[in-house]
Visitor: 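Just passing along the structure, written as structure tokens.
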Amino acid sequence: MKVVKGILKVLLAIVLVIVVLLAVLLIWLTAVEYRPEDTEVVAVQALDGEAKQLAEGDSLKIVSWNLGFGALGDNADFFMDGGKMVYPADEARVRENLDAFVREVKAEDPDILLFQEIDLDSDRSYHIDQTTYFDPLGYNNRSFAYNFKVEFAPFPIPPMGKIDSGVATYSSYPVTSATRIQLPCPFSWPVRTFNLKRCLLVTRIPVEGGKEIVLLNFHLEAYDDGEGKAAQAQMLMDILYEETAKGNYVIAGGDFNQSFSTVNVPYKVFPEQWQPAVMEVGEYTDDWQFIMDPTIPSCRSIYAPLAGNDPDSLQYYVIDGFILSPNIRVDSYEIRDLGFANSDHNPQVLNITLE
């Protein structure tokens, strides 16, 4: 009997230690939680490129690309999407993926870059400041806003650890201001303390005659029950209406994690893999331009690695796109089919003219 009591005491002590450690961790996570204001001014980093000027009638090229924090190449799956990996790549592979992104951007030579899931200082990408990889490409400036900033994400096992990640916009044109606008967060405490705080990065480019290009760069919610996605999409549209009413050229581009209801997605559905929501564009005024290309998938499932598996066993998505104000003419739009070699997303390439 004494032996049994002794074992129970040891087990109770172990449980109490675990409970105390978890409580301390939760208190610390709450204390250091990233709590951005609803609206924050973002620094515009000057680069070495010469500033171009814009006028009505000018054309420009935009590339938008979710980089998968440099780690979601064809070798990767990811635990949040049903896979097994927490750190999907070693440091050499992350740098290989980043070098491939730079080569592709140089080949496209866009005037504006919109990046999503680009890391500054994260354990999962070996603390590489990924924004600096694109600084030598001749852009005049860049701005960055946090989408995901936690000192320690305690899940799964092994834990993800520190994450500093967000969205970045590079411009060949002078930017008069950059602003981070907090989107609705669908998570409550304590999950909120180590989860994403998604945002809009709004940058303003002057156009001769007094108008502005208003660029909105974003990566909307993926892992909620749907209400968060809808609330974020509505907030995005409210800002678009407001800026268009001023006569500005409004360009919203990024990863919606949703398909537009006007797009007929032709890819086979695997219910056990992550599924996107649908954004009902009919709820909005019909002179807005909702642009996605269903002929080439913009994203693949990371339920399993692409390399070494049957490609037809994975889900493919059309979730990256643009929304443009009526005063912009679309000259061309396409998804570049890069085979998901270095990211789980393909880049979007948009050519437009300011009418």
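For the single chain, residues carry numbers from 1 onward in sequence order.
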Visitor: Determine yes or no for a side-chain-to-main-chain donor-acceptor pair under 3.5 angstrom, with Asp293 supplying the side chain and Glu334 the backbone.
Guide: no
Visitor: Answer yes if Ile213 and Val330 sit in the same cluster of Ile, Leu, Val, Met, Phe, Trp and Tyr residues linked by side chain heavy atoms under 4.5 Å apart, and no otherwise.
Guide: yes
Visitor: Grouping I, L, V, M, F, W and Y whenever their side-chain heavy atoms are under 4.5 Å apart, do Leu350 and Leu338 come out in a common cluster?
Guide: no
Visitor: Shortest non-hydrogen contact from Cys185 to Arg192?
Guide: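 Closest approach of Cys185 to Arg192: SG-CG, 4.2 Å.
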Visitor: Quick check: is Phe79 connected to Leu196 through a chain of hydrophobic side chains (ILVMFWY, heavy atoms under 4.5 Å apart)?
Guide: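 Yes.
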Visitor: What are the two closest heavy atoms between Asn327 and Asn248, and how far apart are they?
Guide: ND2-O, 3.1 Å
Visitor: Just by modelled atom types, is the Arg180 backbone N or O under 3.5 Å from a matching donor or acceptor in the Tyr146 side chain?
Guide: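 No.
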Visitor: Taking the side chain from Gln130 and the backbone from Asp119, do they hold a donor-acceptor pair closer than 3.5 Å?
Guide: yes
Visitor: Would you check if the side chain of Asn346 reaches a backbone N or O of Asp337 as a donor-acceptor pair within less than 3.5 Å?
Guide: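 No, because the side chain of Asn346 does not come within donor-acceptor range (under 3.5 Å) of the backbone of Asp337.
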Visitor: Between Asp320 and Cys299, does the side chain to side chain contact (heavy atoms under 4.5 Å, CB included) criterion hold? Intermediate values first, please.
Guide: CA-CA 8 Å; Asp320 300 89; Cys299 179; 4.2 Å; yes
Visitor: Looking at Asn141, Leu47, Ile112, which hits side-chain contact (heavy atoms from CB on, under 4.5 Å) with Tyr170?
Guide: Leu47
Visitor: Donor-acceptor pair, Asn351 side chain versus Ser332 backbone, under 3.5 Å?
Guide: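 Between the backbone of Ser332 and the side chain of Asn351 there is no qualifying donor-acceptor contact (under 3.5 Å).
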Visitor: Identify the residue among Asp135, Thr203, Thr132 that makes a side chain to side chain donor-acceptor pair (under 3.5 Å) with Arg142.
Guide: Asp135
Visitor: For Trp274 and Tyr317, take the angle between the two ring planes, folded into 0 to 90°, and tell me which bin it lands in: parallel under 30, tilted 30 to 60, perpendicular over 60.
Guide: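 If you compare the ring of Trp274 with that of Tyr317, the planes turn out perpendicular.
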Visitor: Report the C-alpha separation of Glu117 and Asn66 in whole Å, then their side-chain angles, then the decisive distance to 0.1 Å, and conclude whether the side-chain hydrogen bond (donor to acceptor under 3.5 Å, both in side chains) test is met.
Guide: CA-CA 6 Å; Glu117 280 200 291; Asn66 183 322; 3.3 Å; yes
Visitor: Determine whether Gln116 and Asn217 satisfy the following criterion, side-chain hydrogen bond (donor to acceptor under 3.5 Å, both in side chains), listing intermediate values before the conclusion.
Guide: CA-CA 8 Å; Gln116 303 87 44; Asn217 185 2; 3.0 Å; yes
Visitor: For Gln45 and Phe144, run side chain to side chain contact (heavy atoms under 4.5 Å, CB included): C-alpha distance rounded to whole Å, both residues' side-chain angles, the deciding distance at 0.1 Å, then the answer.
Guide: CA-CA 9 Å; Gln45 178 69 45; Phe144 174 90; over 6 Å; no
Visitor: Under 4.5 Å between side-chain heavy atoms, counting indirect links through other Ile/Leu/Val/Met/Phe/Trp/Tyr residues: same cluster for Tyr249 and Leu240 or not?
Guide: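 Different hydrophobic clusters.
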Visitor: Answer yes or no: is there a donor N or O on one side and an acceptor on the other, between the side chain of Ser122 and the main chain of His127, under 3.5 Å?
Guide: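 Absent.
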Visitor: Using 0.5 Å steps for rounding, measure from the CZ atom of Arg300 to the CG atom of Leu306.
Guide: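 So the gap between those two atoms works out to 5.0 Å.
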Visitor: CD1/Ile163 to CG/Asp123 distance, rounded to the nearest 0.5 angstrom?
Guide: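 Result: 8.0 Å between the selected atoms.
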Visitor: Return the minimal non-hydrogen interatomic distance between Asp312 and Phe270, and the atom names on each side.
Guide: O-CZ, 3.1 Å
Visitor: Say whether Gln348 and Tyr333, considering side chains only, have a donor N or O and an acceptor N or O under 3.5 Å apart.
Guide: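 Yes.
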Visitor: Roughly how far, to the nearest 0.5 Å, is CD of Glu56 from CG of Leu54?
Guide: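 Rounded to the nearest 0.5 Å, the CG-CD separation comes out at 11.0 Å.
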Visitor: Hey, any chance Phe69 and Tyr126 share a hydrophobic cluster, counting ILVMFWY side chains that come within less than 4.5 Å of each other, even indirectly?
Guide: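 Yes: a chain of side-chain contacts under 4.5 Å links Phe69 to Tyr126.
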Visitor: When you look at Glu212 and Lys246, which way does the side chain to side chain contact (heavy atoms under 4.5 Å, CB included) test go after all the steps?
Guide: CA-CA 9 Å; Glu212 295 178 305; Lys246 301 174 184 177; over 6 Å; no
Visitor: Testing the basics here: between Pro294 and Val263, what is the closest heavy-atom pair and its distance to 0.1 Å?
Guide: CB-CG1, 3.6 Å
Visitor: Which heavy atom of Phe78 sits nearest a heavy atom of Met160, and at what distance?
Guide: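 Heavy atoms of Phe78 and Met160 come nearest at CZ-SD, 4.1 Å.
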Visitor: For the NZ atom on Lys84, are there more than 12 heavy atoms of other groups (residues, nucleotides or ligands in this structure) within a distance under 6.0 Å?
Guide: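 Atom NZ in Lys84 is not packed in, count stays at 12 or less.
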Visitor: Residues in side chain to side chain contact (heavy atoms under 4.5 Å, CB included) with Ala89, at least two apart?
Guide: Ala71, Asn75, Arg93, Val94
Visitor: Indicate yes or no: does Lys229 engage Asp224 in a salt bridge with an N to O separation below 4.0 Å.
Guide: yes
Visitor: Give the C-alpha distance, both sets of side-chain angles, the deciding distance and a yes or no for side-chain hydrogen bond (donor to acceptor under 3.5 Å, both in side chains) between Asn195 and Tyr34.
Guide: CA-CA 9 Å; Asn195 218 311; Tyr34 175 51; over 6 Å; no
Visitor: Please answer whether the main-chain N or O of Gln182 pairs with a side-chain N or O of Asp38 as donor and acceptor at a distance below 3.5 Å.
Guide: no
Visitor: Taking the side chain from Gln273 and the backbone from Ser313, do they hold a donor-acceptor pair closer than 3.5 Å?
Guide: yes
Visitor: Measuring from atom CG of Leu67 to atom CG of Leu98, what distance do you get when rounded to the nearest 0.5 angstrom?
Guide: 7.5 Å
Visitor: Search all heavy atoms of Ala304 against all heavy atoms of Asn309 and return the closest pair with its distance.
Guide: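 That would be CB-ND2, 3.9 Å.
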Visitor: Counting N and O atoms only, with roles assigned by atom type, does the side chain of Gln315 sit under 3.5 Å from a partner on the main chain of Lys268, one being a donor and the other an acceptor?
Guide: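 Checking the backbone N and O of Lys268 against the side chain of Gln315, a donor-acceptor pair under 3.5 Å is found.
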Visitor: State whether the side chain of Asp111 and the backbone N or O of Ser172 hold a donor-acceptor pair below 3.5 Å, judged by distance alone.
Guide: no
Visitor: Run Gln232 and Phe256 through side chain to side chain contact (heavy atoms under 4.5 Å, CB included) and show every step you take.
Guide: CA-CA 10 Å; Gln232 291 176 3; Phe256 286 84; over 6 Å; no
Visitor: To the nearest 0.5 Å, what is the distance between CG (Leu200) and NE2 (His219)?
Guide: 13.0 Å
Visitor: Under the criterion side-chain contact (heavy atoms from CB on, under 4.5 Å), which of Gln234, Arg198, Met235, Glu221 is the partner of Pro184?
Guide: Met235
Visitor: Given Phe134, which partner from the list Tyr139, Phe115, Phe101 fulfils the ring pair (Phe, Tyr, Trp, His ring centres under 6.0 Å) test?
Guide: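 The single option meeting the ring pair (Phe, Tyr, Trp, His ring centres under 6.0 Å) with Phe134 is Phe115.
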Visitor: Within this structure, what is the OG-CZ distance for the pair Ser125 and Arg95, rounded to the nearest 0.5 Å?
Guide: 10.0 Å
